[in-house]
Amino acid sequence: MGKRILLDMIRLRAVMSQNPDLALPEGFFHNTDSQGGLKPIRELAVFRFACRRCEDAPCTAVCPADALEKDSEGMIDRHLNLCISCKSCVTLCPFGTMMTDFFRYHRNKDLFYDLDDDDERDLFVRACPAGVASFTELDEMPEENIYRLNDRILVRDYMYVTEQKKP
């Protein structure tokens with residue numbers, strides 16, 4: 001395996017809190033899981049690692065466009081083609097998991113990068129704020145809060161872990 005992107009969500013949140021109007025680059029990859037299509041890596045990272053996976057998921061219940069659904073593991077999947085960016089899910093999420101910038105309309109197509117393309121991966125890393133994205137040859141290291149998002153992307157974040165229900 002070659003170099004992977006390490007996306008530091010902890011650093012990203014710090015950058016966003018200091019500059020909430022910052023237009024962030026979006027890295028997409030072709031998702032073969034769930035419904036397929038292009039999926040933004042920041043959104044997938046938040047849903048996979050930070051989402052509390054509420055049993056009754058108020059975010060999915062409030063969505064007027066039925067753009068949010070839970071998969072078999074309880075992870076939220078947002079259908080970009082259905083989402084109307086009303087931000088009802090952001091308002092109703094009791095844990096603040098949804099990031100409001102997921103719903104910004106980007107007019108600048110130069111902020112979008114196809115992470116399946118090596119040249120665009122390089123451009124994405126360079127376009128991110130300092131310390132947010134880098135290349136690494138590391139593998140998943142839970143003790144360092146580094147987790148595998150897919151074969152090409154690692155995410156540094158504080159993972160929310162639910163208690164396992166006892167039978």
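- Looking only at distances, a side-chain donor or acceptor of Lys70 sits under 3.5 Å from a matching main-chain atom of Cys54.
- Side-chain contact between Leu24 and Pro129 is present, with heavy atoms from C-beta onward closer than 4.5 Å.
- The shortest non-hydrogen separation linking Arg11 to Val132 is CG-CG2, 3.9 Å.
- Electrostatic pairing of Glu144 and Arg156 does not count as a salt bridge here, judged by no charged N lying under 4.0 Å from a carboxylate O.
- Rounded to the nearest 0.5 angstrom, Ser17 OG and Leu12 CG are separated by 9.5 Å.
- Note that CG of Asp117 is 8.5 Å distant from CG of Leu123, once rounded to the nearest 0.5 Å.
- Between atom CG of residue Leu6 and atom CG of residue Leu149 there is a gap of 11.5 Å, rounded to the nearest 0.5 Å.
- Counting heavy atoms from C-beta outward, Pro25 and Cys128 have side chains that approach closer than 4.5 Å.
- In this structure, Glu26 and Glu43 have side chains that are not in contact, with every pair of non-hydrogen atoms separated by 4.5 Å or more.
- Note on Leu68: it clusters hydrophobically with Met75, by side-chain heavy-atom contacts below 4.5 Å among ILVMFWY residues.
- Nearest heavy-atom pair, Arg4 versus Leu138, reported as atom, atom and distance to 0.1 Å: NH1-O, 2.9 Å.
- For the pair Asp77 and Asp71, the minimum side-chain heavy-atom distance is 4.5 Å or more.
- Both Val90 and Phe47 are members of a single hydrophobic cluster when ILVMFWY side chains are connected at heavy-atom separations under 4.5 Å.
- Among all heavy-atom pairs drawn from Pro58 and Leu92, the shortest one is O-CD2, 3.7 Å.
- Rounded to the nearest 0.5 angstrom, Asp139 CG and Leu154 CG are separated by 6.5 Å.
- Rounding to the nearest 0.5 Å places CD1 of Ile41 at 4.5 Å from CG of Leu7.
- Side chains of Ile76 and Glu69 form no contact here, defined as non-hydrogen atoms less than 4.5 Å apart.
- For the pair Phe135 and Ile5, the minimum side-chain heavy-atom distance is below 4.5 Å.
- Closest heavy-atom contact between Pro40 and Phe28: N-CD2, 3.5 Å.
- Taking SG from Cys59 and CZ from Arg78, the interatomic distance works out to 11.5 Å, rounded to the nearest 0.5 Å.
- Of the charged side-chain nitrogens involved, at least one lies within less than 4.0 Å of a carboxylate oxygen, so that Arg13 and Asp157 count as a salt-bridged pair.
- Shortest non-hydrogen contact noted between Phe124 and Gly27 is CE1-N, 3.4 Å.
- Residues Met159 and Tyr147 come closest through the heavy atom pair CE-CD2, 3.5 Å.
- In this structure, Phe49 and Met9 have side chains that are not in contact, with every pair of non-hydrogen atoms separated by 4.5 Å or more.
- A single hydrophobic cluster is not seen to contain both Val46 and Ile146; linkage of ILVMFWY side chains at heavy-atom distances under 4.5 Å, directly or through other members, places them apart.
- A salt bridge links Asp118 with Arg152: the closest approach of a Lys/Arg side-chain nitrogen to an acidic carboxylate oxygen falls below 4.0 angstrom.
- Residues Val125 and Leu22 share a single hydrophobic cluster, defined by chaining ILVMFWY side chains whose heavy atoms lie under 4.5 Å apart.
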